[in-house]
Amino acid sequence: MEILLKNIKLIDSGHPLHNQAVFIAIEKGEISKISKDPIEGKAKFEVEGKGLSVSQGWFDMWSSLSEPGFEYKEDIASLSEAAAFGGFTDVAVLPNTNPVIQTKDAINYIKNTSKFSPVQLHSIAALTKNAEGEEITEMIDLHHAGAIAFSDGTNAIWHTGVMSKALLYLQSFDGLLLTRPEDPHLGKNGHMHEGVASTMLGTRGLPSISEELAISRDLSLLRYTGGKIHFANVSTKKGISLIRDAKKEGLNVTCDVAAYQVAFTDHELMGFDTNLKVNPPFRGKEDLIAIWDGIEDGTIDAIVSNHSPQDQESKQLEFDLADFGMISLEIAFSIINTYKPEGMDVSVLIDRFTKFPRKILKQELISIEEGNEACLTIFDENSEWIFSKEHIQSKSVNTPFVGKELTGRALGIINNQHFKYFGDLEQNFLVKN
């Protein structure tokens with residue numbers, strides 16, 4: 001056999017061996033045996049799993065790719081390395097490149113470039129031409145080319161008529177619309193959450209009502225047209241409440257939250273650290289509590305990285321001039337695991353990195369069973385470590401977490417006949433047949 005995971009805890013809610021120590025043998029990219037008892041035989045690579053866990057491969061459904069157009073911030077190779085280090089086997093990339101992802105050629109380029117990689121990249125195609133919000137793209141053609149969903153990504157879908165038409169059009173092939181809810185007029189020229197902190201700093205704010213009005217509008221349109229919507233990067237208490245009520249009503253709606261959203265509040269921007277300038281912004285304490293409530297009760301379906309690389313020229317500026325965003329693929333799990341409420345089982349988080357993103361995006365969920373392809377993430381939920389610049393795999397370094405102690409980390413991935421391990425084997429291995 002090629003790989004043997006020994007005495008490792010399986011985290012897969014619904015699996016008969018969930019939360020139990022198992023032995024997993026992998027050969028030619030497939031799980032050849034899984035057992036509670038030791039597996040005989042020698043393996044090329046063995047991982048002693050005591051204290052470690054294994055789950056289905058993690059899927060990030062909201063990440064910025066800067067290639068083409070902004071390769072100096074991030075390219076496909078560096079994004080894939082950052083994702084692998086963070087435990088992700090799959091990443092859905094936003095369309096906000098230059099040119100925008102809105103052609104079959106663009107989708108095929110991304111798909112073919114990552115085809116043989118340990119990290120598969122999936123294209124979210126632009127909903128409107130050039131992601132400008134005015135004219136719908138050729139969505140059926142893009143769907144057949146491999147687009148897994150449609151969105152204007154970091155740009156808000158501001159045009160009510162376009163949103164309504166898109167919801168109707170997507171129903172013809174059961175397509176999914178992803179939107180980051182924001183009224184761009186209310187939040188125009190804002191730099192941080194509108195509240196006491198922004199007032200004290202004299203900085204123009206991004207009001208909570210900007211997100212809440214957008215969610216309310218889109219839910220009204222959903223009632224009118226039918227279809228389905230996924231709200232990305234929700235951040236406000238009322239916004240989460242609106243989505244909770246919509247689910248109870250029976251509307252086909254899902255949502256996610258950025259992992260780093262639980263790490264700070266707006267008051268921690270008093271030092272004008274531009275690495276804390278993100279959109280949606282860090283909100284108040286009540287919003288942070290509401291995020292955890294939403295995760296626990298199932299209102300929030302997925303946890304994403306919202307990885308947004310920015311070069312130093314975009315961040316080493318006055319706060320009002322700096323661009324939004326932080327890198328987070330390497331430590332998305334570590335962040336959310338570090339700040340999770342006491343007593344929360346890690347499987348609650350893992351489901352939001354594995355099953356739910358794949359279900360929302362209609363991607364195959366490869367269960368951990370004998371005969372199935374090995375798509376696995378190895379992690380340590382209890383490891384305490386200091387995140388340093390040496391851990392950054394991205395081309396960009398815009399993160400406030402350098403030097404911070406985190407709890408839990410990904411140690412490796414097995415996917416697409418590759419094995420990349422960042423644990424005590426001291427190097428990365430590639431296994432290909």
Side-chain angles (χ1 to χ4, degrees), residues 59-65 67-69 76 79 88-115 117 119-181 218 221-222 224-233 251-256 301-302 304 355-366 375 416:
F59 197 121
D60 181 33
M61 60 182 295
W62 190 271
S63 187
S64 292
L65 172 65
E67 181 182 349
I76 289 175
L79 182 92
F88 292 99
T89 59
D90 296 82
V91 178
V93 295
L94 301 181
N96 309 98
T97 50
N98 186 22
V100 169
I101 299 174
Q102 58 187 3
T103 65
K104 291 185 285 186
D105 286 345
I107 291 170
N108 286 330
Y109 173 72
I110 292 171
K111 182 166 57 178
N112 293 333
T113 302
S114 69
K115 186 175 183 179
S117 165
V119 177
Q120 263 72 66
L121 302 184
H122 307 266
S123 294
I124 299 171
L127 181 78
T128 66
K129 291 184 178 179
N130 299 317
E132 293 175 346
E134 296 183 348
E135 186 179 353
I136 289 176
T137 56
E138 300 292 337
M139 289 193 288
I140 290 180
D141 287 347
L142 296 172
H143 167 69
H144 289 308
I148 61 171
F150 295 87
S151 175
D152 279 350
T154 55
N155 297 339
I157 303 171
W158 56 272
H159 196 302
T160 306
V162 167
M163 174 67 84
S164 177
K165 185 187 294 184
L167 285 169
L168 288 168
Y169 196 69
L170 285 164
Q171 291 177 56
S172 65
F173 56 92
D174 194 29
L176 176 65
L177 188 155
L178 281 72
T179 180
R180 185 177 64 79
D218 293 347
L221 290 173
L222 189 62
Y224 176 66
T225 63
K228 54 186 177 181
I229 291 179
H230 178 86
F231 292 106
N233 308 161
L251 294 179
N252 198 344
V253 57
T254 53
C255 69
D256 67 56
D301 303 272
V304 302
K355 296 181 179 181
F356 297 155
R358 286 182 170 88
K359 182 179 179 181
I360 292 166
L361 295 169
K362 296 197 303 181
Q363 299 299 296
E364 182 182 5
L365 181 61
I366 303 173
C375 178
N416 201 25

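- Ring geometry, His122 versus Phe59: the interplanar angle falls under 30°, so the pair is classed parallel (tilted spans 30 to 60°).
- Side-chain atoms of Arg180 never come within 3.5 Å of backbone atoms of Ala232 as a donor-acceptor pair (strictly under, hydrogens ignored).
- Minimum interatomic distance between Thr137 and Ala126 (heavy atoms only, all atoms of both residues): OG1-O, 2.8 Å.
- Rounding to the nearest 0.5 Å places CG of Leu222 at 9.5 Å from CE of Met163.
- A pairwise comparison of heavy atoms in Phe88 and Val119 identifies O-CG2, 3.4 Å as the closest pair.
- Between the side chains of Trp62 and Asp256, no donor-acceptor pair of N or O atoms lies under 3.5 Å.
- Counting non-hydrogen atoms of neighbouring residues, nucleotides and ligands closer than 6.0 angstrom, the CD atom of Glu138 reaches no more than 12 such neighbours.
- Checking side-chain atoms of Gln102 against main-chain N and O of Asn130 turns up a donor-acceptor pair under 3.5 Å.
- Counting only distance, with no hydrogens or angles, the side chain of Ser164 and the backbone of Thr160 share no donor-acceptor pair below 3.5 Å.
- The minimum heavy-atom distance between Leu361 and Ala92, with the atom names listed, is CD1-CB, 4.4 Å.
- Met61 CE to Ile124 CD1: the interatomic distance, rounded to the nearest 0.5 Å, is 6.5 Å.
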**Candidate pair Met139 and Phe173, rule side chain to side chain contact (heavy atoms under 4.5 Å, CB included), full reasoning** = CA-CA 10 Å; Met139 289 193 288; Phe173 56 92; 4.1 Å; yes

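- Closest of all the heavy-atom pairs between Ile366 and Cys375 is CD1-CB, 4.3 Å.
- Note that the OG1 atom of Thr89 and the CG atom of Asp60 stand 10.5 Å from one another [nearest 0.5 Å].
- Under a 3.5 Å cut-off, the side chain of Ser114 and the backbone N or O of Leu121 do form a donor-acceptor pair.
- A donor-acceptor pair under 3.5 Å is absent between the side-chain atoms of Asn252 and the main chain of Gly226, judged by distance alone.
- Under a cut-off of 6.0 angstrom, the local environment of NZ in Lys228 is crowded, with over 12 non-hydrogen atoms contributed by other residues, nucleotides or ligands.
- Sorted by first and then second residue, the salt bridge (Lys or Arg N to Asp or Glu O under 4.0 Å) pairs with a member in residues 145-169 form an empty list; sequence neighbours excluded.
- At a threshold of 4.0 Å, the pair Asp90-Arg358 counts as salt-bridged, since one of the basic side-chain nitrogens sits closer than that to a carboxylate oxygen.
- Expressed to the nearest 0.5 Å, how far OG1 of Thr225 lies from CG of Leu167 amounts to 4.0 Å.
- What you find for Gly133 and Val162 is that their closest heavy atoms are O-CG2, 3.5 Å.
- Panel note: side chain Lys111, backbone Ala145; a donor-acceptor pair is recorded below 3.5 Å.
- Closest approach of Ala166 to Ile136, counting heavy atoms only: N-CD1, 3.7 Å.
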**Request:** For the pair Gln120 and Asn416, evaluate side chain to side chain contact (heavy atoms under 4.5 Å, CB included) and give the outcome as yes or no after the intermediate values.
**Result:** CA-CA 9 Å; Gln120 263 72 66; Asn416 201 25; 3.1 Å; yes

**Message:** What verdict does the side chain to side chain contact (heavy atoms under 4.5 Å, CB included) test give for Val93 and Leu79, after you've listed the backbone C-alpha separation in whole Å, the side-chain angles of each residue and the deciding distance to 0.1 Å?
**Reply:** CA-CA 10 Å; Val93 295; Leu79 182 92; 3.8 Å; yes

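- Between Thr128 and Asn155 there is no side-chain heavy-atom pair separated by less than 4.5 Å.
- Distance check: Ile110 CD1 to Ile101 CD1 gives 3.5 Å after rounding to the nearest 0.5 Å.
- Side-chain atoms of Asp301 do not come within 3.5 Å of backbone N or O of Thr254 as any donor-acceptor pair.
- Note that CG of Leu178 and CD1 of Ile360 are 8.5 Å apart. Values are rounded to the nearest 0.5 Å.
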